[in-house]
> 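Next up is a structure, given as structure tokens.
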There are 2 protein chains.
Amino acid sequence: MRLSSLTDYAVVLLSAAARHCGGLARMNATRLAEETGVPLPTAQKLVSRLAAAGLIDSTRGTGGGIRLSRPPATITLADIIEAVEGPIAMTACVDAGHHDCGIAGNCRVKPHWNAVNRAVRGALAGVTLATLAAEAAAPEMMKVEA
Amino acid sequence: MRLSSLTDYAVVLLSAAARHCGGLARMNATRLAEETGVPLPTAQKLVSRLAAAGLIDSTRGTGGGIRLSRPPATITLADIIEAVEGPIAMTACVDAGHHDCGIAGNCRVKPHWNAVNRAVRGALAGVTLATLAAEAAAPEMMKVEA
């Protein structure tokens, strides 16, 4: 039950953007990639996808770059996951027209997944980019320092 | 952000077991597999894993079979996922000694994932096997009948 690594990198990039003037100053995608360690082609792919989803706006040319479309406290982890992966769904069977499960036609659990997906989405919608971008001491670092 | 198909099948099997006398009567794994459409080798693999996790108990021989270890209202979706996939974690970087992310060493988001995982686990712990096993009209069926 993992996020794709692309989604993970999207969170890393957006968090880095959010730390620069609350994400509202224009940033160069190359610089964000360097700062975070996300490979540049991946960063460029994510810029397209996050811009298409309306989470960032991106302009080319002198003075261009990317910035968050709205303040980090109003962008949630659910928004980011959906921008990269599409609707939050624990199982493939709830996607219209997409069935890679051999028993989907006869499954008595299937009617319940939408409620589960809504509950998980609710949990992820409670985590904002502002929180994810905040500095926090890693537990491992605390142990080493103790 | 999908469950593995093995976890999905575990939910299907346990829900079927729960529907038979609340899961407290012993059931034959072969019959459960036939009833649900889960392939028998997969069902057998799951019986081992779910028994090891303490969600079912399984005995061999005449009068043997499997049954839930406790009532379906006290088994949650979080329990089932953890029995099959291990601890609920959105990213691989929180697993001790397991890093397949190129930027884990320099990641400023990493300290936040434990809180996210707890929030998602909380949502999944709110869904019980009793709920998942309950009969519900599938939205598609309702449309056809309307």
Side-chain angles (χ1 to χ4, degrees), chain A residues 1-5 7-9 11-16 19 35-39 77 81 84-86 88-93 96 100-116 118-124 126-127 131-142, chain B residues 1-5 7-9 11-12 14-16 19 35-39 77 81 85-86 88-94 96 100-124 126-127 131-142:
Chain A
M1 205 188 128
R2 295 282 160 81
L3 299 177
S4 71
S5 55
T7 307
D8 197 357
Y9 285 159
V11 173
V12 167
L13 280 181
L14 290 171
S15 299
R19 280 191 295 267
E35 189 181 304
T36 55
V38 172
L77 183 52
I81 294 170
V84 181
E85 302 186 11
I88 288 165
M90 298 289 99
T91 57
C93 60
D100 57 5
C101 170
I103 64 172
N106 183 36
C107 182
R108 293 164 79 178
V109 179
K110 185 179 169 189
H112 295 290
W113 285 114
N114 279 328
V116 174
R118 278 195 300 274
V120 171
R121 196 194 185 285
L124 296 166
V127 181
T131 299
L132 294 167
E135 296 299 342
E140 303 95 300
M141 291 171 67
M142 291 173 73
Chain B
M1 204 188 126
R2 296 281 161 83
L3 299 177
S4 72
S5 55
T7 306
D8 196 356
Y9 285 159
V11 173
V12 168
L14 290 171
S15 299
R19 281 191 295 268
E35 187 180 305
T36 56
V38 172
L77 182 52
I81 295 170
E85 302 186 9
I88 288 164
M90 298 289 100
T91 57
C93 60
V94 297
D100 58 5
C101 169
I103 64 170
N106 184 37
C107 181
R108 292 163 81 177
V109 180
K110 185 178 167 188
H112 295 290
W113 286 113
N114 279 328
V116 174
N117 294 337
R118 278 194 300 274
V120 172
R121 196 195 185 285
L124 296 167
V127 181
T131 299
L132 294 166
E135 296 299 340
E140 302 94 300
M141 290 172 67
M142 291 171 72

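Letters A, B, ... are given to chains in the order of the sequence lines, protein chains preceding strands, and every chain is numbered from 1. None of these values were measured; they are calculated from a predicted model.
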> Sort T36(B) into side chain, backbone, both or neither according to what part of it lies under 4.5 angstrom from a heavy atom of chain A.
backbone
> For the atom pair CZ (R108(B)) and CD1 (I103(B)), what is the distance rounded to the nearest 0.5 Å?
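The CD1 atom of I103(B) is 11.5 Å from CZ of R108(B), to the nearest 0.5 Å.
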> Can you tell me how far apart SG (C93(B)) and CZ (R2(A)) are? Round to the nearest 0.5 Å.
8.5 Å
> Quick check on L3(A) against chain B: is it the side chain, the backbone, both or neither that has a heavy atom closer than 4.5 Å?
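Both parts, backbone and side chain.
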> Which residue out of V38(A), I88(A), T131(A) racks up the most heavy-atom pairs below 4.5 Å with chain B?
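Top count of heavy-atom pairs under 4.5 Å with chain B: T131(A).
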> Quick one: of A134(A), S5(A), G37(A), who has the most non-hydrogen atom pairs under 4.5 Å with chain B?
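Looking at each option in turn, the highest pair count goes to A134(A).
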> With a 4.5 angstrom heavy-atom cut-off, which part of V127(A) approaches chain B: side chain, backbone, both or neither?
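Side chain only.
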> Report which part of L132(B) has an atom under 4.5 Å of a heavy atom belonging to chain A: side chain, backbone, both, or neither.
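Looking at L132(B), backbone and side chain both touch chain A.
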> Less than 4.5 Å apart, any side-chain heavy atom of D8(A) and any of V109(B)?
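A side-chain contact under 4.5 Å is absent here.
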> Find out whether L77(B) and M90(A) are in side-chain contact, i.e. whether some heavy atom of one side chain is under 4.5 Å from a heavy atom of the other.
no
> Could you tell me whether the side chain of E85(B) and the main chain of M1(A) form a donor-acceptor pair under 3.5 Å?
yes
